[in-house]
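Chain letters run A, B, ... following the sequence lines, proteins first and then strands; every chain starts at 1. Side chains are part of it too, since the values below use all heavy atoms of this structure and drop only hydrogens, waters and symmetry mates.
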Amino acid sequence: MEKIISIKDLNYTYPEAKRSAIKNLSLDIYKNEWLSIVGKNGSGKSTLTKLIDGLIEADSGTIEVAGQIINEENIWEARTKIGIIFQNPDHQFVGATVEDDVAFGLENQGMPREEMVKAVDEALILVKMADFKERDPQSLSGGQKQRVAIAGVLATKPQIVIMDESTSMLDPDGRKTVLNLVQQLRSQQDLTIISITHDIEETELSQRIVVLNDGQIVSDGKPEEIYDLGADLQKFGLEEPFTSELVSTLRDTIKLPDGYLNEEELKEQLWKLHSNM
Amino acid sequence: MEITFEHVTHSYNPNSPTANLGLDDVSFKIQDKKFTAIVGQTGSGKSTLVRHINALLKPTSGTITVGDRVITPETNNKNLKPLRKQVGMVFQFPESQLFEDTVEKDIMFGPMNFGASADDARESAHKMIKLVGLDESLLEQSPFDLSGGQMRRVAIAGVLASDPETIILDEPTAGLDPVGRQEIMDLFKSLQQDGKTIILITHNMDDVANYAEEMAVIHRGKLIAQGIPQEVFNNQELLKEDLLTLPKSAAFAKELTEKGFSFEKLPITINELGTEIEQQLNGD
Amino acid sequence: MGRYLPGDSLVYRLDPRGKFLLTFYFVGIVFLANNVASYAFLLAFVIFAVFLSKINFGFFLKGLKPVFWLILFTVALQLLFTPSANPLWHWGIFTFSKEGLVIAGYIFIRFILIIFISTLLTLTTTPIEISDSIESILKPLKKIKFPVTQVALMLSIALRFVPLLVDETTKIMDAQRARGVDFGEGGLIKRIKSFVPILIPLFVSSFSIAYDLAIAMESRGYKDGEGRSKYRVLSWDRRDNIMVIFMAAVTGILLFLRSY
Ligand SMILES: Nc1ncnc2c1ncn2[C@@H]1O[C@H](COP(=O)(O)OP(=O)(O)OP(=O)(O)O)[C@@H](O)[C@H]1O
Ligand SMILES: Nc1ncnc2c1ncn2[C@@H]1O[C@H](COP(=O)(O)OP(=O)(O)OP(=O)(O)O)[C@@H](O)[C@H]1O
Ligand SMILES: [Mg+2]
Ligand SMILES: [Mg+2]
């Protein structure tokens, strides 16, 4: 697998802060993978994304994006490869209308106008906000704002998309739509996805989960491996996946196999038990 | 206090080409001392709805009654202080709620405004910050130098500090880690048990199932259903039209019906589901 | 002035460069008016323009609100202090005369004309269009090494920032209202006082917004404005030519009415 981001011994402390936000963190992220980053509030997730995009400068350590160690000179090039959807969309809007805002990133790339008009329309249709094209982004509802922010990033066709809790204000349907969309783009355009989330269900789509605690990586593995930690997940601020929780309530009276079961597997097990009755 | 909406309509930017209805003829009651959840899709009008309860927005037509206070389109901005002492509100984005230069001052702001002394206010700030699960050392920091979830907790602390009778929570747990979310939800539940009215906007149907006693569903500015969660989540019409998402347990139960199980009513919490499955498997 | 109001009408479709320059031009020729006929004519023109914009008249009246006291003060000054040979009424230092009344009337109309026309510009032109126009108008200055792009960039950020600040003020006020501040209660002094607590948070949060906005812009690849393409293209077509000719005609008529 080809590495797209490689982080080595990264350290960062906010000016005047007593504790460091990122401590000696090393992490490789591979091309086309979907990586979820999870962890307690204040564990350093947002800080890490800002470091990757060069928006804040590390105290020590290096970050390589697509084979280049980022520094002041090449950061602009790196940024064209990375799209970030921030945690709070409120202060993210640059354009006075929804369409202008989506166009902003494209304008920066110098995309010719005819292409741009098409790309803006497409992106807005993808997130179901085409009807709101001429609205002032500030007059939208919380979830609508988030959709526009997502459109603005997807329109620029980055190689890496970082989503910092971008679905947290969406209704369950909207969340599913956005996640499926991102998944689809990932396979079509060879995207790499880094998603930060508190929602364990959302990590199911990913290939790998990294658990951050206090600025350090405390666990890194496939979703099943992480889910298998069961109730231990709570130490890191996570919740047990729904199926594990159900399985543990059932285990007292019903015989089920050990280890993590996903919904399909659990359903099969229950079905078997039911038909054997 | 009981809260009543009577034919409430709210239009944003009336008389302009961009006019749009945030609320469309909504009538319903929110019962005193209950835990009521309000759900609905993005942009359906939930935030618009609750902003009428503390008169941050005035209806374009219709009336809202909060206790003995009546809010009409003509209500002006005077004398609203008593209302806002009674009705506290946690906003959807915590950033838009924090404004002081330290966390401590921010939490003290409400109580001081409602007439508490600085010492009392400070004391309650220290109490509240612990209540929402943050370290006291954060009190001296600027609220803008916090992580998303920490800001959220400070915002909640700031509202609880003035001890309102009715607490409106606009997606208060978005951005909280799951352990924190559960703690905060438990906190709200215990506040309700102490006699407060809780109004919760959320997209998390499991929280609705686990904590709420009443729920209302908003769709495109209209109220389309109201009742106890158990009933509403079993409302076939809503489910058929895809206007409501099920809690995880109910969704799982529904899928189990294809595997030979049968449920008279979909269980909405994990305990109900577990009990049902056990009963059906151990066959009594 | 007002905030951009999405809409569609002839005025919206005019090239913003033309609108921008013609607005300034109009403000200039307002000072040429010198008698009832010329003022009446300009007033008729502005009302016609407002009508063409298809925007509710209320939005223009709103534009008057912030400068209401200034207008009142200036008009009162003219009414009471215009020296006159045959005053209608006289008391201490105050003189009230027919001349004063006329001059006050003219000044009042002048205010209305200028405010309405600039409100018309800001209601129908987005901040981005305005800064794009300025960039395009200043373009020739590039030859003498004037940093046109950067100036336009600063301007567009400033213009973008203003509505954000307005929103922020509303938000802070809402947040404070929700926690018990009564704005707009009590006498003038008390009212002004209740606004003081907004200023500090506004100051603090405008820094944090500026920071967030800068981060958001950078992360989306905004560097220094060079090499950007434009989503909104400025296109000058026939209706803009017609507008210029029309404006020339207005000037001609005005000059004629002046000596009438
Ligand atoms: N601008 C800032 N100045 C000083 N300290 C900060 C700043 N932003 C964040 N911090 C601190 O750095 C630590 C990590 O914050 P970060 O925002 O990365 O957390 P996070 O994992 O994204 O949390 P959340 O899930 O709540 O969003 C926290 O302890 C926070 O208080
Ligand atoms: N200030 C405003 N000006 C104009 N329209 C607005 C404004 N605020 C909200 N709206 C519109 O009113 C409708 C309802 O918005 P509201 O914020 O109440 O939705 P919501 O149910 O809270 O959604 P979400 O779950 O996304 O927060 C939306 O279509 C929105 O675009
Ligand atoms: Mg964060
Ligand atoms: Mg909302």
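Listed here is the closest heavy atom pair of C/R177 and B/R84: O-CD, 2.8 Å. Across all their heavy atoms, C/R179 and B/F114 have their closest contact at C-CZ, 3.5 Å. Across C/A178 and B/N54, no two heavy atoms sit closer than the pair CB-ND2, 3.9 Å. Listed here is the closest heavy atom pair of C/D174 and B/R51: OD2-NH1, 3.1 Å.
Surrounding CG of B/D68 are at most 12 heavy atoms belonging to other residues, nucleotides or ligands under 6.0 Å away. Applying the 6.0 Å contact sphere to CZ of B/F28 captures more than 12 heavy atoms from other residues, nucleotides or ligands. A 6.0 Å sphere centred on CD of B/Q141 holds more than 12 heavy atoms belonging to other residues, nucleotides or ligands. By the 6.0 Å contact criterion, NZ on B/K29 is open, its count of non-hydrogen atoms from other residues, nucleotides or ligands being 12 or less. Within a 6.0 Å sphere centred on CZ of B/R220, heavy atoms belonging to other residues, nucleotides or ligands number 12 at most.
Side chains of B/F109 and C/Q176 form a contact here, defined as non-hydrogen atoms less than 4.5 Å apart.
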